[in-house]
Amino acid sequence: MRFHQVKELVAWAADYHRGLAEQYDQLAAGDVNDRVRMALEYLAEHERKMQTELAEYLKEKSQHRKVLETWFDDPEDFPHAPTLDRLTGSISCDSVQDVLSTALTMHRTLQDLYAHRVERATAEDEREFFAALSNGHDAEVRRIARDMQRLEDY
């Protein structure tokens, strides 16, 4: 579908975070070493937090209601989604660094999706909304890297 509302993209991203949390939970319950299990559990909790934050935007009384109702024209169906699906399907659990590498790549890819919408935005409030999401993901990437490195160091 070529035309979308901003809320569709936000709902898709929230659902993606939910699915990723479930996958991390499943991997953590599998045959992995303790540090990898802790890393996967941390990432699952982090993804649930990201899902909750995005879901807050979609609430009826959200201050972002106007921008969420904005339509955009994009000939591609949410850029990078196939890339994200491939990344999700190939999470290596051999080490904390493998898990971290995949998690960071997924977050950067989502950040690129938001940056793509910033570039293609036709209205200033839409541009600001996606810039804020992109900046938020940048902060999350730094936080994940820091926390996972701490886990690796101990």
Return the minimal non-hydrogen interatomic distance between [X] and [Y], and the atom names on each side.
X: Ser92; Y: Thr102; result: N-OG1, 4.4 Å
X: Ile144; Y: Leu104; result: CG2-CD2, 4.1 Å
X: Arg37; Y: Ala28; result: CG-O, 3.5 Å
X: Arg127; Y: Thr122; result: NH1-N, 4.5 Å
X: Ala14; Y: Gln51; result: O-CG, 3.3 Å
X: Ala44; Y: Asp25; result: CB-OD1, 3.1 Å

Nearest 0.5 angstrom please: [X] [atom1] to [Y] [atom2], how far?
X: Leu20; Y: Arg48; atom1: CG; atom2: CZ; answer: 10.5 Å
X: Ser134; Y: Asp112; atom1: OG; atom2: CG; answer: 8.0 Å
X: Tyr114; Y: Glu119; atom1: OH; atom2: CD; answer: 15.5 Å
X: Glu126; Y: Glu128; atom1: CD; atom2: CD; answer: 11.0 Å
X: Gln23; Y: Leu43; atom1: CD; atom2: CG; answer: 11.5 Å
X: Asp34; Y: Glu41; atom1: CG; atom2: CD; answer: 9.5 Å

Task: Residues in salt bridge (Lys or Arg N to Asp or Glu O under 4.0 Å) contact with Arg150, at least two apart in sequence or another chain - done: Asp147
TODO: Kindly write out the residues that satisfy salt bridge (Lys or Arg N to Asp or Glu O under 4.0 Å) with Lys66, not counting sequence neighbours, or none if the list is empty.
DONE: none
Open item on the list: Strictly by salt bridge (charged side-chain N to carboxylate O under 4.0 Å, His left out), give each pair with a member in residues 94-108 just once, sequence neighbours left out.
Closed with: none
Open item on the list: Between Lys49 and Glu45 (salt bridge meaning N to carboxylate O under 4.0 Å), is one present in this structure?
Closed with: no
Open item on the list: Whether Arg120 engages the ring of Phe72 as a cation-pi pair (distance to the six-membered ring centre under 6.0 angstrom, angle to the ring normal within 45°) should be assessed.
Closed with: no
Task: Donor-acceptor pair, side chain of Asp15 and main chain of Ala11, under 3.5 angstrom - done: no
May I ask you to test the [X]-[Y] pair for a side-chain heavy-atom distance under 4.5 Å?
X: Leu27; Y: Val99; value: no
X: Leu54; Y: Arg18; value: no
X: Phe130; Y: Val6; value: yes

Open item on the list: For residues Val141 and Met50: do they belong to one hydrophobic cluster (side chain heavy atoms under 4.5 Å, members Ile, Leu, Val, Met, Phe, Trp, Tyr)?
Closed with: no
Open item on the list: Taking CD in Glu124 as the centre, count heavy atoms belonging to other residues, nucleotides or ligands within less than 6.0 Å. Is the count above 12?
Closed with: yes
TODO: Check the pair Leu113 / Tyr16 against side chain to side chain contact (heavy atoms under 4.5 Å, CB included), numbers first and verdict last.
DONE: CA-CA 13 Å; Leu113 170 60; Tyr16 184 77; over 6 Å; no
Task: Residue pairs, two or more places apart or on separate chains, that pass ring-ring contact (aromatic ring centres under 6.0 Å, His included) and touch residues 20-57 - done: His46-His107, Tyr57-His64, Tyr57-Phe129
TODO: With sequence neighbours left out, write down each residue that passes side-chain contact (heavy atoms from CB on, under 4.5 Å) with Arg65, or none if nothing qualifies.
DONE: Lys7, Glu60, Leu68, Glu69
Task: With Lys59 via side-chain contact (heavy atoms from CB on, under 4.5 Å) - residues at least two apart - done: Glu56
- [ ] Would you check, one step at a time, whether the test side chain to side chain contact (heavy atoms under 4.5 Å, CB included) holds for His4 with Leu9?
- [x] CA-CA 8 Å; His4 302 279; Leu9 182 79; over 6 Å; no
